[in-house]
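Shown next, in structure tokens, is the structure this report addresses.
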Amino acid sequence: MTRPELAPQYSPADVETRRYEGWVDAGLFTPSAQDSGAPSYTIVIPPPNVTGSLHIGHALDHTIIDALIRRRRMQGYRTLWLPGMDHAGIATQNVVERELAREGLSRHDLGRERFVERVWQWKESSGGAILGQMRRLGDSVDWTRERFTMDAGLSRAVHTMFKRLYDDGLIYRAERIINWCPRCLTALSDIEVEHADEDGELVSIRYGDGENSIVVATTRAETMLGDTAVAVHPDDPRYAAMVGREVELPLTGRRIPVVADPHVDPKFGTGAVKVTPAHDPNDFEIGRRHNLPMLTIMDEHGLITAPGPFRGLDRFEARPAVVAALREDDRIVAEKRPYEHAVGHCSRCGTIVEPRLSLQWFVKVAPLAKAAGDAVRDGRVRLHPPEMAARYFDWVDDMHDWCISRQLWWGHRIPVWYGPDGAVVCPAPGEDPPSGDAWQQDADVLDTWFSSGLWPFSTLGWPDDTPDLRAFYPTSVLVTGYDILFFWVARMMMLGLYAMTDPDSASPDSAGTGPAQTVPFAAIALHGLVRDARGRKMSKSRGNTVDPLDWIDRFGADAVRFTLARGANPGGDVAVSEEWAAGSRNFCNKLWNAARFSLMNGACVPAAHPGQQALPDRASLSVADRWILSRLAGVTQQVDAWFEDYEFGKISETLYHFAWDEYCDWYLELAKVTLTGPAEGAAEHTKAVLGYVLDRLLRLLHPLVPFVTEELWTALTGEDTIVMADWPGVAAGQSVAAAGGPMDAAAEAEIGSLIRLVTQVRRFRSDQGLRPGQRVPAALTGIGQTRLAGHEASIRSLLRLEVPADEFKPTGSVQAEGVTVELDTASVIDVAAERRRMQKDLVTATEEAERTRRKLANTGFTSKAPADIIEKTKQRLAAAEADIELLESSLAALPG
RNA sequence: GCGCGAUUAGCUCAGCGGCAGAGCGGCCCGUCCACACCGGGCAGGCCGGCGGUUCGAGUCCGUCAUCGCGUACCA
């Protein structure tokens, strides 16, 4: 085999696309559903919205998922990462409507059918961009299993789920107060409303006259036009006499009753509340309890419909107009401005949401949410990081019924037909709907999160019992940002537990009523948001967003991935900047050059499979060889363990430092001595170790930086691809103890000592003002009596120390690790600087000695601290005292 | 209002009972034999405030302050 010459610099653009297409063409990402005996590992992609393009947050999500997937693939699992996209009902419809608006059209000009066609066209072009971005990132997804929430198969799953819930009485239609967006003209679920504190005006209004009057407060004065009662607390003595009486509602001439309701907080305001059942969720409940009329005074656009002078006004024009009219009538008792209160906004367009009485479809969530909570509570689904559990339970344990109908055109049409005399039919999928002019299908579509809630199993063929479903369900872990824990994750839990049972399990579920419910995923791994270099949220308006493609072009996909992985602490936000990306690019280049050096020096990999590699016998290896092998073993074990905990920050940092600080800075430098040295056998051994460690390092890094590792590993080994190479840690079915290989404490201690000695002498040289490359005559006295006895050649090489000539007159010395290094620095030494340095060191050493002495004198410490801690402390004191002695004598010996 | 989290080097963050760490940035010095996308060295921290537990506290407990996030039916 001839090895390709490597350029002195890594060029991602020359590698990435070629490698990616090669992987896909070879079918490496496409697992077979046939049972091969290997365990399966499945992750479904959090489906991005078809309309959008991937932002840096997706890149973070994909980096994590791809790393998990690639490791499992290397471990021999039957690994599936299923890709796809979400139709994103309201978001997509808004985008296409905006596009139409630029042509001066509205969706009504096109009509429903043509509008939906238009959205499909948009989906084809926009969706393609996202798929291209995923390829650039290196996502090892199975493109043969790509899905879309509006696919025929997934639409059938949606219909099936609706029908089941409907038949079970868990879906119902009712007139309720829902969140209404007057701009999008659709209902929204609670979670699609974003609350923000805003300044408003709290006005107190007198209803009725004289004795027979009561004062209420409101921030939404215009709603008084729809008031049908005033409510007070039943035990409030101030209003006991008023309850049951009627008061005159100003501006309207209507008389409304005063009712007693425990919902009212007597301590707030005047203790009396105006009740507008058709325009406030709480008032709606009060209205139901007291059989109050539900008076609608606003239309779907937020325009006032109540008869009178305000008719036709927008709700925000009506508010000051009503207040002005009340003031005119001397009805305003007090005003408080500004008054800060929470206002709900449409999460899609930002319009202030209007609570509105409306006929909608709902999911009865209580039983579903209970199961979703229990699955996490009893550990069937592990939530990472665990702190998120509190938030999850808060939500799941106290969830209102879920409004699932949307007054949109883009989405899954509600599979219900209405016929004569109020007949309602929900046909099963495949069943013919009732026909005839008298029958009409519901015009609404389903909340987009209804179909995403089925994603983990609808994508695998549910409701059919498919080979894929059997092979890959339940999925292994769900990786996503904590921001959609409720939107999406909780819904998948609810619907997944409801739909899926384990066919092979005879054990009853927690309620003891049927086959065991199957969780949709064994674990949930939540990551944070990507923020800018200063930790600020990225936003288009702030102009601090990052386009992943731009960074990939400039730094390479591996660098982008590594940057994100470095910051990916579980649940934590990730701050990224160009500096970080550049640092990651530098790391890839460092790897490249380390490999280049190793290859140029004949690094060899005798066999590509672990356990069979003919590493030279341990006893014949140099200490440096044993050291790097031991460190590799330690790092392998740590990295392997951290993968189980989604600790990508730690994985990245550990591999970064191992590769750069240990492998490159020390091992390669030490290897240079051996490789150019006289001992023939030693050089051959070092070549083997050089290759072995590089091989393992590249494999450990491959899940994070797939491209550069592929390029280097194939060059090193002559194999086709690293994608299917065995993982150096624990393989499927192997025990943890087998990972990494044996540690070598003796070698680690020895090289540790060497590193400390070299570092101290380097510091000395630098303090003396010696150039790093300047060769200096030096004697290493006492080294024969230390464990560094065999390392003199290495130490001299690393420190540029020459063997002294006959008339050697040392002018300075460093004592460390039991070795005294005397250097002849006469020609360059600056005595004054030298004295200052020594005096400073003396102060430090004296303080250290004093501190340690005090600690040892502390009787509590000596009687209670563990023996090894005490021993270490004693050693520290001894070292400090030795330093003091040496420094004092050196100072005395200085000329002048 | 309630809940959760944060507060450590100039910046972004690790560390979570036993000598304060990383990356980037800053300063000094440079190698021509893997890499200037490099190498060697240095500086810079009362680990938010106060109290407690402990022989010993960034690390555990309490409290306050500031910030962030989530959530909420206070009109």
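Lettering of chains follows the sequences in order, A, B, ..., and the numbering in each one begins at 1.
- The aromatic rings of A:Trp660 and A:Tyr656 lie tilted to each other, with the angle between the two planes from 30° to 60°.
- Residue-to-nucleotide contacts include no donor-acceptor pair under 3.5 Å from the side chain of A:Glu387 to the base of B:rC4.
- Distances from the side chain of A:Leu668 to the nucleotides B:rU71, B:rA34, B:rC37 place B:rA34 closest.
- When heavy atoms are screened at a 4.0 angstrom cut-off, A:Thr759 is found touching the sugar-phosphate backbone but no base atom.
- By the salt bridge (Lys or Arg N to Asp or Glu O under 4.0 Å) test, A:Arg771 is found to be paired with no residue, residues two or more places apart in sequence or in another chain being considered.
- In this structure, of B:rA34, B:rG70, B:rC74, it is B:rG70 that holds the atom nearest to the side chain of A:Arg391.
- Closest to the side chain of A:Arg566, from the set B:rC29, B:rC73, B:rG23, is B:rG23.
- Out of B:rC35, B:rC38, B:rG23, the shortest distance to the side chain of A:Asn589 is found at B:rC35.
- Classification of B:rG58 as syn follows from a glycosidic angle within 90° of 0.
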Dot-bracket encoding of pairs in RNA chain B, which uses [ ] for pseudoknotted crossings and | for another strand, Watson-Crick or G-U under 3.5 angstrom
((((((((.[[[[.)..(..]]]].(((((.......))))).....[[[[[..)....]]]]])))))))....

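- With sequence neighbours excluded, the residues forming a side chain to side chain donor-acceptor pair (under 3.5 Å) with A:Arg554 are A:Asp550, A:Glu578, listed by chain and number.
- Mapped onto RNA chain B by nearest heavy atom, A:Ala390 and A:Asp398 fall at different nucleotides, with A:Ala390 at the one closer to the 5' end.
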With side chain to side chain contact (heavy atoms under 4.5 Å, CB included) as the test, would you mind laying out the steps for A:Thr218 and A:Thr276 before giving the verdict?
CA-CA 11 Å; A:Thr218 183; A:Thr276 322; over 6 Å; no

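- Checking B:rC42, B:rG23, B:rC35 against every side-chain atom of A:Arg763, the shortest atom distance belongs to B:rC42.
- Of the candidates B:rA34, B:rG41, B:rC4, the closest approach to any side-chain atom of A:Ala594 belongs to B:rA34.
- With rounding to whole Å, A:Arg800 atom CZ is found 15 Å from B:rG41 atom C1'.
- A donor and an acceptor atom sit less than 3.5 Å apart, one in the side chain of A:Glu669 and one in the base of B:rA34.
- With A:Ile795 as the partner, the side-chain contact (heavy atoms from CB on, under 4.5 Å) test is satisfied by one option alone out of A:Leu757, A:Val821, A:Val761: A:Leu757.
- When distances are taken from the side chain of A:Phe861 to each of B:rC24, B:rC55, B:rA14, the shortest belongs to B:rC55.
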